[in-house]
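Encoded as structure tokens, the structure appears first; notes follow it.
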Amino acid sequence: MVAIVHRQSERRVGDEAVRSAPGVLPVLSAEILPGLGAAEALWRAFEAAPDCLASPYQRFAWVSSYLGETGDIERSRVAILRDQAGRVRMLMPLVVQTRHGITLARSMGDTHANYHLSLFTRDTAAVPAEEVRAALVAAGAGVGIDAFAFAHQPRLWEGAPNPLARGGEPEASDAYGLVLGPDPDATIRRVFSADARKKLRSKEKRLIEALGEIAYHRAADGEEARAILAAFYRQKAARFAGMGILDPYAPEAIRRFLERAASGDDPAMEVHALRVVATGRILAVFGGAVNATRYSGMMTSFDADPEVSRFSPGDLLLHHLVGEQTARGRLSFDLGVGEARYKASICDETIALVETVWPVSLRGHAYAQMRTALTRMKRRVKGDPRLFAAASRVRSLLRRRG
């Protein structure tokens, strides 16, 4: 364990000096713990505290499931920032890896986590940005980290500024969500227009006439979750094959992660299905990471058979899910990163995302410059239909040759 406590009146962060009054301790000090186990008790207590802000992807159960099954557990670290009284103000799950001579501490979750937040308290948002950065960078220097790379950082979380988003570069895509409750019927009427509700009722009626009684079902245990996920894998594999792209859910490690996260008494994710009662045929699947107040959509699929797809089973399941989550007392619902018709049709909130790179060493500064240029290029390509179409053709060509 490395603990860094700053006492200088001036400390250097990369090529920037941060000044404090002589003899006055900075607001924050930092330590970086090796592995998840050393931080588990503190982490679980912090995430349960009423003043803690975090997304479902920062729950210990979600992180340990992901890292444990994907093989990154040995590279995991946990950064902890405390105030002058020793109280925990921020906790960051990290993966530290050296590639091409550069040691990076990355936010955890890759593309399977919509938000790579830290866990932080609301009053941490008032701490000067340079104090957060200085404490973390100095701790990183003590353990040989060249740069911290934080992707998918919301600028705001539950109305509070995200300490890791300050100075970040806007990402190519944002995320989309909506506020729930407190009344399920009122939420449904607000989220879905009268015309949309009418069309969905008609489709549900015709689906029942075609296939028989249907049921909306949430997996109650690991066995049910695995059965629903098996249908999801089949549906998603067929869709990706038709698009000619690699299936990100095909690796066994990812499947083990999803099944582990959806199991247990207090699962880190929930899976829901629309199924035919008589045959058990699963027509649509929706899965999301959860905590006490939020459902965050991770994945969705539907049966592409024209006999089924013409009734929009995915839309039917989403309509039900919004009401079900409201009835269970959750306050927020989001559909993750990236643009899609079904997201735009119901979401009333755009969650702006940035990528932040905080260099520690000279190598880290070089990486930060390269990464910022790449993020800007991605944003430009995504925002220009002609460039995006050209990039898509190149990707398809490379996949076929591969």
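Note that the structure is a prediction, hence the values are computed from the model and not measured.
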[atom1] of [X] to [atom2] of [Y]: how many Å apart, nearest 0.5 Å?
X: L94; Y: L136; atom1: CG; atom2: CG; answer: 7.0 Å
X: F150; Y: R166; atom1: CZ; atom2: CZ; answer: 12.5 Å
X: L104; Y: T98; atom1: CG; atom2: OG1; answer: 8.0 Å
X: Q235; Y: M299; atom1: CD; atom2: CE; answer: 10.5 Å
X: D185; Y: R190; atom1: CG; atom2: CZ; answer: 13.0 Å
X: I351; Y: Q153; atom1: CD1; atom2: CD; answer: 13.0 Å

Keeping the roles fixed (side chain from [X], backbone from [Y]), state whether a donor-acceptor pair exists under 3.5 Å.
X: E355; Y: A149; value: no
X: S65; Y: A61; value: yes
X: R75; Y: G35; value: no
X: S312; Y: D315; value: no
X: D83; Y: G86; value: yes
X: S361; Y: G364; value: yes
X: R363; Y: I102; value: no
X: D303; Y: V308; value: no

Over all atoms of both residues, closest heavy-atom pair of [X] and [Y]:
X: A253; Y: E69; value: CB-O, 3.3 Å
X: L353; Y: S173; value: CD1-O, 3.8 Å
X: F302; Y: G314; value: CB-N, 4.3 Å
X: G181; Y: T326; value: CA-CG2, 3.4 Å
X: V357; Y: A368; value: CG1-CB, 3.6 Å
X: P34; Y: A38; value: O-CB, 3.9 Å

So, do [X] and [Y] sit near enough that their side-chain heavy atoms are less than 4.5 Å apart?
X: L119; Y: W43; result: yes
X: P56; Y: W62; result: no
X: R275; Y: I214; result: no
X: L156; Y: P161; result: yes
X: E31; Y: V78; result: no
X: L207; Y: L316; result: yes
X: L28; Y: Q84; result: no
X: L53; Y: T124; result: no

Given D110 and Y66, is the side chain to side chain contact (heavy atoms under 4.5 Å, CB included) satisfied, shown in steps?
CA-CA 10 Å; D110 299 315; Y66 182 80; 2.5 Å; yes
Donor-acceptor side-chain pairing of [X] and [Y] below 3.5 angstrom:
X: Y57; Y: N114; result: yes
X: D334; Y: Y115; result: yes
X: H217; Y: E224; result: yes
X: T372; Y: T375; result: no
X: T350; Y: Y176; result: no
X: E171; Y: H152; result: yes
X: T121; Y: D123; result: yes
X: K236; Y: S301; result: no

Over 12 non-hydrogen atoms of neighbours within 6.0 angstrom of [atom1] in [X]:
X: E209; atom1: CD; value: yes
X: L362; atom1: CG; value: no
X: R239; atom1: CZ; value: no

Tell me, please, which residues at least two apart from E204 pass side chain to side chain donor-acceptor pair (under 3.5 Å).
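Expected list: Y216.
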Would you call [X] and [Y] a salt bridge, taking side-chain N to carboxylate O under 4.0 Å as the test?
X: E259; Y: R226; result: no
X: D174; Y: R155; result: no
X: D195; Y: K199; result: yes

Tell me which one of T300, L178, L318 satisfies side-chain contact (heavy atoms from CB on, under 4.5 Å) with L335.
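Only match with L335 under side-chain contact (heavy atoms from CB on, under 4.5 Å): L318.
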Please, which pairs that meet side-chain hydrogen bond (donor to acceptor under 3.5 Å, both in side chains) have at least one residue in residues 262-273, sequence neighbours excluded?
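Every pair satisfying side-chain hydrogen bond (donor to acceptor under 3.5 Å, both in side chains) with a residue in residues 262-273: R59-D266, E270-H272, E270-Q325, E270-R328, E270-R330.
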Carefully, step by step, assess F120 and L164 under the rule side chain to side chain contact (heavy atoms under 4.5 Å, CB included).
CA-CA 10 Å; F120 65 103; L164 299 186; over 6 Å; no
Both conditions, 6.0 Å and 45 degrees, for the charged tip of R255 above the ring of Y233: are they met here?
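Cation-pi check for R255 and Y233: passes.
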Begin with the C-alpha distance, continue with both residues' side-chain angles, and end with the deciding distance and a verdict on side chain to side chain contact (heavy atoms under 4.5 Å, CB included) for V271 and F286.
CA-CA 6 Å; V271 288; F286 211 104; over 6 Å; no
Quick one, L258 with M269, criterion side chain to side chain contact (heavy atoms under 4.5 Å, CB included). Give me CA distance, side-chain angles, the key distance, then yes/no.
CA-CA 8 Å; L258 294 174; M269 65 173 288; 3.8 Å; yes
What ring-ring contact (aromatic ring centres under 6.0 Å, His included) pairs are there with at least one residue in residues 234-253, not counting sequence neighbours?
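Residue pairs passing ring-ring contact (aromatic ring centres under 6.0 Å, His included), neighbours aside: H112-Y249, F232-Y249.
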E40 vs R44, test: salt bridge (Lys or Arg N to Asp or Glu O under 4.0 Å). Steps then yes/no.
CA-CA 6 Å; E40 180 175 358; R44 289 187 181 276; 3.0 Å; yes
